[in-house]
Amino acid sequence: MIRRISALVVVAVMVAAAMSPPAAQAARKLRVVTTIPDLKSLAEAVGGDLVDVDSLTRGTQNFHEAEVKPSMMLKLRRADAVIENGLDLDAWADVAIEGSNNQNIMRGGPGRIEISRGVEVLEVPTTRVDRSMGDVHPRGNPHFSLDPGLAPIITQNIVDGLARLAPEHRAAFEQNRKDFLAKLDSHMVEWNKAMEPVKGSKVVVYHPDFIYFLTRFGLVQAATLEDRPGIPASPQHLVNVIRQMKEEKIKVILVEPWNDVKLANRVAEEAGAKAFVMATAVGAVKGADNYIAAIDYNITTLSKALR
Amino acid sequence: MHAVVILVVALLVALGAAPVFAQDTEALRKELEQLKRQQEQYQRAIDALSQRLQRLESQPAPVTTAPPSGPTGPSPANPQSQMAPPSATDLLRPRQPFALYQQRGSGQLLFDMGVTGDFVGNITQHNVQKSGTGTFAGRENRFFPREVELSLFGQIDPYARADVRIEAGEEEPGAATGVSLAEATITLLTLPYGTQAKLGQMRNRFGWSNVIHEHDLPWVDRPDVYRMFLGEEGLAEKGVEASWVPDFLPFYVQVLGGIFNGDNETAFGHGRLTSPLVTGRVMTFFDLTDTMALQVGASVANGETPERLRSTLVGYDIKFKYRPDGWLHPLLTLASEGIYSIRRTERGVDVNGDGIFDTFQKQTRNSFGWYGWTELQPWRRWAFGARYDSTQYSASPGYQWAVEPYVSFYPSEFLRFRLAYKHTDRTQRDVLDLNGNGGSGRIMDEWLFQATFILGAHPAHAF
């Protein structure tokens with residue numbers, strides 16, 4: 001038996017030795033995988049022609065509850081870098097990354113890029129939290145990626161991460177970032193102008209994943225259709241929300257494409273308001289095909305809805 | 001005269017005291033100025049503290065704050081990074097476990113922990129209880145904690161992670177609850193060429209359901225084929241398992257190989273590395289569309305029984321899921337697993353017809369078992385499913401089949417209730433009366449129920 005085991009070990013070592021080492025990275029594009037499509041769009045903007053980017057999820061999905069599939073592991077197996085949102089939004093990615101057997105992107109590896117570093121996190125609990133409050137995030141609200149005001153921080157994290165893998169391209173990444181932010185700035189002027197007349201307006205959201213966007217443009221989240229995050233609404237809670245909407249004359253409910261749009265429509269009808277499916281991510285709705293287009297869609301929808 | 005003297009003395013005293021009054025007035029004036037300065041300092045301090053308090057109070061309600069500047073404006077530093085490190089007193093102060101888990105930033109716990117509780121119960125016929133051959137053998141017509149598990153997991157360092165699971169559960173009727181080590185593994189994550197190694201005590205990746213712990217199974221009980229061929233808890237072993245994921249194929253393939261002691265009481269059990277249990281598995285996966293996926297695997301395990309007889313298990317597994325776009329759960333899941341057992345056994349031979357075995361003959365017994373399962377989850381909180389089992393016995397003649405429809409109710413992601421009905425039909429009565437008291441488990445009708453909770457951290461599961 002010992003002879004059999006020894007033979008197996010020798011064969012395994014020979015197979016491993018026979019396999020060619022990874023090809024030189026300088027000759028090819030960096031393979032980048034992002035956990036959510038917003039980051040794919042930003043990574044493409046920063047990486048330009050120097051990167052090939054793929055996303056593990058689609059914009060129509062709820063990123064909290066993405067199912068870890070081996071096809072994700074295959075993408076990650078070949079990746080030079082993985083860009084994750086952090087703050088527990090994409091905690092499931094750990095399982096996919098571990099299943100990829102790719103040493104470069106394991107936690108602590110050079111190819112692991114988390115973009116929440118430096119972001120001023122909103123809704124960080126200041127008191128003790130537990131799950132009686134629903135699916136709370138102890139480190140704060142993780143839905144910040146579509147706040148255009150945070151794009152400079154996010155893209156800087158991406159530049160730093162990519163430059164760690166390809167330091168020779170840092171200048172190119174920096175330049176791409178600068179160009180992208182300049183473009184974003186020009187859009188920001190238009191967006192601020194469009195939102196100026198509706199500043200201070202109250203809206204109701206289905207799930208609290210618009211808070212960064214609303215804060216950025218001076219809107220107020222008055223209530224959520226979910227009783228508590230991740231917990232389906234009770235009838236009593238919906239009655240209270242409808243009453244509040246009527247009293248405060250709230251005319252808009254924002255809903256995610258993956259959430260119960262029918263319920264949002266029913267509540268809106270009862271309250272004399274209207275529900276709008278928002279681009280909660282790049283690709284969440286038709287026309288929101290990239291980062292700027294997704295924000296543009298939300299600005300257009302909201303500015304029209306609130307007038 | 002006296003009056004003149006008194007007047008002179010008073011005058012002298014008054015004249016002498018005048019500079020003293022002047023000095024006191026000056027001192028008082030200085031003191032007043034100093035007090036005024038102090039008051040101003042205190043006022044400034046109070047103003048600063050008030051402003052700071054207002055800032056802190058305004059943080060939890062960001063929607064009411066003024067909108068920040070444009071996208072390229074200066075970025076505020078992460079407030080979490082400004083937290084002061086904990087003092088020695090902070091570290092020594094008793095904290096509640098959940099609060100300890102929740103704490104992030106400075107002084108955070110460097111690994112995750114969670115508790116899962118799985119309680120099951122069953123109601124069945126009296127003769128089944130007498131025979132002790134119910135789904136929960138020996139615990140018929142009881143409600144009990146099957147598995148209450150404490151999980152600790154996280155990175156050890158940049159190169160490896162550890163998973164430890166300690167479980168307690170009722171193994172036989174009574175007040176006693178045994179505590180045991182369910183799993184303790186080190187996974188080496190940074191090996192080259194797409195390889196990983198896992199060593200320690202683990203649930204083996206044999207088929208797709210064997211690796212799943214009791215509380216995470218989509219049924220109340222493990223499929224009969226596993227219970228017949230590998231025992232009530234399936235295959236859990238101590239040893240080393242290596243995996244390889246090639247990066248040159250257009251689809252996902254995972255290749256696994258392992259060497260273990262061979263402690264399984266049913267199929268192996270020799271328990272020595274001189275003649276170890278060797279396992280292997282190949283698994284592949286296909287995204288048929290954006291909403292449909294198929295996973296297919298083949299597994300093998302080869303070792304020796306306690307009698308030093310060779311035992312080999314070959315298994316297949318297949319799983320299909322349909323999850324409509326944007327859904328938080330699959331609408332339809334279909335799966336099947338099967339195991340073919342090739343096992344050397346000893347058969348007693350009565351040569352002279354005196355009813356006593358005179359010699360034992362070795363023979364090879366081949367047997368097969370499988371199950372098919374379907375689950376429909378039209379709503380987030382409700383799932384309906386059924387499993388059909390058909391299994392031959394691995395070491396003796398005969399077979400059994402069973403059908404088990406069930407309904408699951410999920411009040412939240414962390415709490416689940418399940419009710420199932422299981423009908424089992426076995427071909428033999430004699431070999432099934434474990435207690436030898438005339439009971440029978442040939443035909444069984446059981447109501448099974450289950451309550452499961454998750455407290456704290458719980459890792460996601462793949463597909």
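Letters A, B, ... are given to chains in the order of the sequence lines, protein chains preceding strands, and every chain is numbered from 1.
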**Report entry** Stacked cation flag A/R77 on B/Y252, 6.0 angstrom / 45 deg
**Finding:** no
Query - Heavy-atom closest contact (B/D287 atom, A/S71 atom, distance) - result: OD2-OG, 2.5 Å
Query raised in the report: Once you round to the nearest 0.5 Å, how far does CG of B/L191 lie from CE of A/M106?
Result: 9.5 Å
Query raised in the report: Can you check salt bridge (Lys or Arg N to Asp or Glu O under 4.0 Å) on B/K321 and A/E67, steps first, answer last?
Result: CA-CA 11 Å; B/K321 268 190 192 179; A/E67 182 167 51; 2.3 Å; yes
**Report entry** Heavy-atom closest contact (A/Q103 atom, B/P192 atom, distance)
**Finding:** NE2-CA, 3.6 Å
Report summary line: The reported gap from CZ in A/R131 to CD1 in B/I454 (rounded to nearest 0.5 angstrom) is 7.5 Å
Requested in this report: Would you tell me whether B/T195 and A/N101 have side-chain atoms, one donor and one acceptor, within less than 3.5 Å of each other?
Outcome: no
Requested in this report: Specify which of B/M283, B/R381, B/Q295 makes the most heavy-atom pairs with chain A at under 4.5 Å.
Outcome: B/R381
Report task. Identify which part of B/D247 has an atom lying under 4.5 Å from any heavy atom of chain A, answering side chain, backbone, both or neither. Result -> both
Report summary line: Residue set satisfying side chain to side chain donor-acceptor pair (under 3.5 Å) with A/N62, at least two apart, ordered chain then number -> none
Requested in this report: Grab the two heavy atoms, one from B/A462 and one from A/M73, that are nearest each other, plus how far apart they are.
Outcome: CB-CE, 3.8 Å
Requested in this report: Begin from the C-alpha positions of B/D325 and A/W258 and carry the test side-chain contact (heavy atoms from CB on, under 4.5 Å) through to its verdict.
Outcome: CA-CA 8 Å; B/D325 198 24; A/W258 46 264; over 6 Å; no
Query raised in the report: Who wins among B/G194, B/S243, B/P411, B/A460 for the most heavy-atom pairs under 4.5 Å with chain A?
Result: B/G194
Requested in this report: Could you tell me whether B/R161 and A/E98 make a salt bridge, using a distance below 4.0 angstrom between a side-chain N and a carboxylate O?
Outcome: yes
Report task. Check the pair B/D290 / A/R58 against side-chain contact (heavy atoms from CB on, under 4.5 Å), numbers first and verdict last. Result -> CA-CA 9 Å; B/D290 281 347; A/R58 298 185 305 280; 3.8 Å; yes
Query - Portion of B/Q155 that has a non-hydrogen atom of chain A nearer than 4.5 angstrom - result: side chain
Query - salt bridge (Lys or Arg N to Asp or Glu O under 4.0 Å) between A/E65 and B/R323, worked out - result: CA-CA 12 Å; A/E65 299 189 28; B/R323 184 166 162 150; 5.7 Å; no
Report task. Give, as side chain, backbone, both or neither, the part of B/H329 having an atom under 4.5 angstrom from any heavy atom of chain A. Result -> neither
Query raised in the report: CD1 of A/I105 to OG1 of B/T190: how many Å apart, nearest 0.5 Å?
Result: 13.0 Å
Query raised in the report: Is chain A contacted by the side chain of B/P250, its backbone, both, or neither, given a heavy-atom distance below 4.5 Å?
Result: backbone
Query raised in the report: Top residue by heavy-atom pair count (under 4.5 Å) with chain B, among A/D135, A/N259, A/V68?
Result: A/V68
Query - Interface moiety of A/P70 toward chain B, non-hydrogen atoms closer than 4.5 Å - result: both
Report summary line: Comparing B/T284, B/V253, B/L249, B/T187 against chain A, the one with the most heavy-atom pairs below 4.5 Å turns out to be B/L249
Requested in this report: Examine whether an atom of B/D157 lies under 4.5 Å from a heavy atom of chain A, and if so say whether it belongs to the side chain, the backbone or both; otherwise answer neither.
Outcome: neither
Query raised in the report: Backbone N or O of B/F248 within a donor-acceptor pair of the A/R78 side chain at under 3.5 Å?
Result: no
Report summary line: Most contact-rich option vs chain A, by heavy-atom pairs under 4.5 angstrom, among B/F251, B/F286, B/Y159, B/F463, is B/F463
Query raised in the report: Okay, side chain of B/Q196, backbone of A/N102: is any donor-acceptor separation there less than 3.5 Å?
Result: no
Query - side chain to side chain donor-acceptor pair (under 3.5 Å) involving A/H64 - partner list, sequence neighbours excluded - result: A/H143, A/H207
